[in-house]
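Indexing begins at 1, ligand by ligand and atom by atom, following the structure's order.
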Amino acid sequence: MFFHKTPAPARWLFPSLLWKKKTNNKEIYLTFDDGPIPGLTEYILDVLKDYNVKATFFCVGENIKKNKSIAERALREGHRLGNHSYNHCNGWQTSTIDYISNVVRCQRHLLDLHDHDVKPLFRPPYGKMKLSQIKLLKKKYQIVMWDVLSGDFLNDMEPEVCLKKSIKATGKGSIVIFHDNIKAEENVKYSLSRYIKHFLDKGYSFKTL
Ligand SMILES: [Zn+2]
């Protein structure tokens with residue numbers, strides 16, 4: 001079962017996690033998970049630049065290590081970076097101590113870029129975390145989930161459907177996930193600029209978290 005819109009019970013169960021921004025303004029928070037990846041992340045940065053739109057990138061530590069100049073470019077162009085663990089760690093399959101050290105290892109790479117966030121952002125890979133992991137991480141990090149999942153990474157997702165359903169699920173304050181991940185490349189390349197244009201035409205603005 002796949003939901004483009006996060007079901008309300010998930011949000012009620014975990015109110016300390018950020019699912020959506022409370023606002024009456026026409027604002028959308030675009031997020032990109034899993035990069036930086038040569039080619040695709042740069043394509044996304046070019047699109048954001050064309051529309052003069054800012055976004056948040058939840059980076060995988062080992063990808064920052066391999067592609068540091070792309071992460072630096074994102075920061076230089078006014079985007080925000082968040083932590084997505086060192087190697088896309090699944091919280092349900094990892095002990096709490098190993099999970100925390102995996103997240104800290106990614107954070108060191110972010111600090112290395114001189115990205116000194118007062119309250120750094122963290123998004124759990126697969127959205128999977130144990131309660132003990134949430135409890136420890138939320139002291140230092142703002143844990144960010146999502147309100148709209150574009151489904152861009154799904155094999156059987158048609159690009160037109162990805163775009164249409166993402167638009168339908170988005171509202172004021174939505175936090176939307178796309179991926180700078182090769183699995184999502186076709187859908188991102190089809191949907192992203194159309195999605196942005198649709199909402200700019202409706203008077204929305206795009207902000208970093
Ligand atoms: Zn991910």
If you draw the axis of the six-membered ring of Tyr51, does the NZ or CZ of Lys197 fall within 45° of it and under 6.0 Å from the ring centre?
no
His84 and Phe122 aromatic centres sub-6.0 Å
no
Verify same cluster id: Leu113, Leu121 (apolar side-chain graph, 4.5 Å):
no
Lys/Arg cation over aromatic Tyr29: Lys21, 6.0 Å, 45° cone:
yes
Could I get the full list of salt bridge (Lys or Arg N to Asp or Glu O under 4.0 Å) partners for Asp46, not counting sequence neighbours?
Arg73
When you check the space around the Zn ion (ligand 1), which protein N, O or S atoms turn up under 2.8 Å?
Asp34 OD1, His84 NE2, His88 NE2
Is the shortest heavy-atom distance from the side chain of Tyr43 to the side chain of Lys189 under 4.5 Å?
yes
